[in-house]
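Every heavy atom of this structure was used, including side-chain atoms; hydrogens, water molecules and symmetry mates were not.
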Amino acid sequence: DLCFRFGRPPDSRLIARLIAPNQRVLVASPRYLAEHGRPKTPQDLRAHHCIGIRQGDQAYGVWRFARTLSGGQAAEPPVSVKVRGNLTTNDGGIAVSWALEGHGVLLRAQWDVERYLASGRLVQLLKGHASPDADIYAVYGQQHRSSVRVKALVDFVADAFSER
């Protein structure tokens, strides 16, 4: 009846309700940065060990960035960078663990890494470059538009996220 997904669904026949904003950030451990240096531009990532995550219909191994101004507006056209690395997973928790252990650079949802950023176990990279968001949506078919069950669950989840 209902699913939750990262990003707006490509099928416009579905109903999509924004549940929570979700920004991706580029991170690495201080140990990794001490050993391999800090990338200064998205293109520098080609020379780094990047931790891959296979997700949905996204192009694997291609990270996109847009240079941003202080207000968050794009300063120039986005760039796509083909990254490489020895580690790939479809589990975000494992990818975060690998980054914490110093195995590479990771592009991950901010809420997955914010506690490690706050503690200093991970460092945010390329702060002036935004990656495409991965907002969370509740998605359901038109036939469930008036479903009280679906509406109640979507409202409950949206309220829980708004309290974060």
Side-chain angles (χ1 to χ4, degrees), residues 3-8 16-56 58-76 78-139 153-164:
C3 75
F4 294 93
R5 65 169 278 139
F6 293 101
R8 182 175 281 285
R17 177 175 167 193
L18 178 64
I19 297 296
N22 181 25
Q23 298 300 310
R24 290 187 177 113
V25 293
L26 193 67
V27 299
S29 72
R31 185 177 98 192
Y32 176 86
L33 296 174
E35 293 175 12
H36 300 278
R38 186 182 189 115
K40 300 206 180 349
T41 69
Q43 293 80 0
D44 291 347
L45 293 170
R46 292 182 184 129
H48 283 269
H49 302 286
C50 296
I51 299 169
I53 301 179
R54 293 187 182 267
Q55 297 183 129
Q58 296 175 354
Y60 171 72
V62 177
W63 292 354
R64 292 172 183 79
F65 299 93
R67 183 114 175 99
T68 56
L69 301 171
S70 59
Q73 297 171 325
E76 55 195 48
V79 296
S80 296
V81 178
K82 178 75 172 150
V83 297
R84 299 175 315 177
N86 295 329
L87 298 173
T88 302
T89 182
N90 64 354
D91 184 312
I94 289 172
V96 171
S97 294
W98 288 340
L100 289 165
E101 294 166 4
H103 294 295
V105 177
L106 176 65
L107 183 62
R108 195 69 191 139
Q110 184 169 354
W111 64 33
D112 286 337
V113 297
E114 63 191 354
R115 69 179 179 259
Y116 304 116
L117 291 169
S119 71
R121 292 186 63 202
L122 290 175
V123 175
Q124 186 175 346
L125 307 172
L126 302 180
K127 288 185 181 179
H129 293 81
S131 63
D133 60 31
D135 296 342
I136 298 176
Y137 285 86
V139 180
L153 178 58
V154 170
D155 289 345
F156 174 80
V157 172
D159 289 345
F161 272 97
S162 70
E163 292 172 7
R164 270 187 105 231

- Query: For Ser29 and Ala99, which heavy atoms make the closest approach, and how far apart are they?
  - Reply: CB-O, 3.3 Å
- Atom pair OH/CG of Tyr116 and Leu106 - distance to nearest 0.5 Å: 11.5 Å
- In Å and rounded to the nearest 0.5 Å, what is the CD to CG distance from Gln124 to Leu117? 6.0 Å
- What pair of heavy atoms forms the shortest contact from Leu33 to Arg38, and how long is it? CD2-CA, 4.0 Å
- Item | Distance (rounded to the nearest 0.5 Å) between His48 NE2 and His36 NE2 | 8.5 Å
- Task: With side-chain contact (heavy atoms from CB on, under 4.5 Å) as the test, would you mind laying out the steps for Val62 and Val83 before giving the verdict?
- Result: CA-CA 6 Å; Val62 177; Val83 297; over 6 Å; no
- Heavy-atom nearest pair, Asn22 first then Ala109, reads OD1-CB, 3.2 Å
- Nearest heavy-atom contact between Trp111 and Ile136 is CH2-CD1, 2.6 Å
- Answer yes or no: is there an ion pair linking Asp112 with Arg108, defined by an N-O contact shorter than 4.0 Å? yes
- Check Ala138 against Val154 and note the closest heavy-atom contact, atom names and distance. CB-CG2, 3.8 Å
- Do the side chain of Asn90 and the main chain of Arg54 share a donor and acceptor less than 3.5 angstrom apart? no
- Query: What class does the angle between the rings of Tyr32 and His49 fall in, given that below 30° is parallel, 30 to 60° is tilted and above 60° is perpendicular?
  - Reply: perpendicular
- CD1-CZ distance between Ile19 and Phe6, expressed to the nearest 0.5 angstrom: 12.0 Å
- Message: Among Leu107, Leu26, Leu125, exactly one meets side-chain contact (heavy atoms from CB on, under 4.5 Å) together with Leu45. Which residue is that?
- Response: Leu26
- Message: Minimum heavy-atom separation for Val79 and Gln43, please, with both atom names.
- Response: CG1-NE2, 4.0 Å
- Verify the distance criterion only: is there a donor paired with an acceptor across the side chains of Thr41 and Asp44 at less than 3.5 Å? yes
- Message: Under a 4.0 Å threshold between the charged nitrogen and the carboxylate oxygen, would Arg17 count as salt-bridged to Asp155?
- Response: yes
- Around Asn86, counting heavy atoms of other residues, nucleotides and ligands shown, do more than 12 lie under 6.0 Å from its CG? no
- Query: How far does OG of Ser131 sit from CD of Gln110, to the nearest 0.5 angstrom?
  - Reply: 10.0 Å
- Got Val105 and Ile51 here, is their nearest side-chain heavy-atom distance under 4.5 Å? no
- Note on the structure: Rounding to 0.5 Å, atoms CG (Leu87) and OG (Ser97) come to a distance of 11.5 Å
- Task: Decide yes or no on side-chain contact (heavy atoms from CB on, under 4.5 Å) for Ser80 and Trp63, but give the supporting numbers first.
- Result: CA-CA 6 Å; Ser80 296; Trp63 292 354; over 6 Å; no
- Going through the distances and angles, do Leu122 and Leu100 end up as a side-chain contact (heavy atoms from CB on, under 4.5 Å)? CA-CA 7 Å; Leu122 290 175; Leu100 289 165; 3.7 Å; yes
- Message: Can you confirm whether more than 12 heavy atoms, excluding those of Arg84, are under 6.0 Å from its CZ atom?
- Response: no
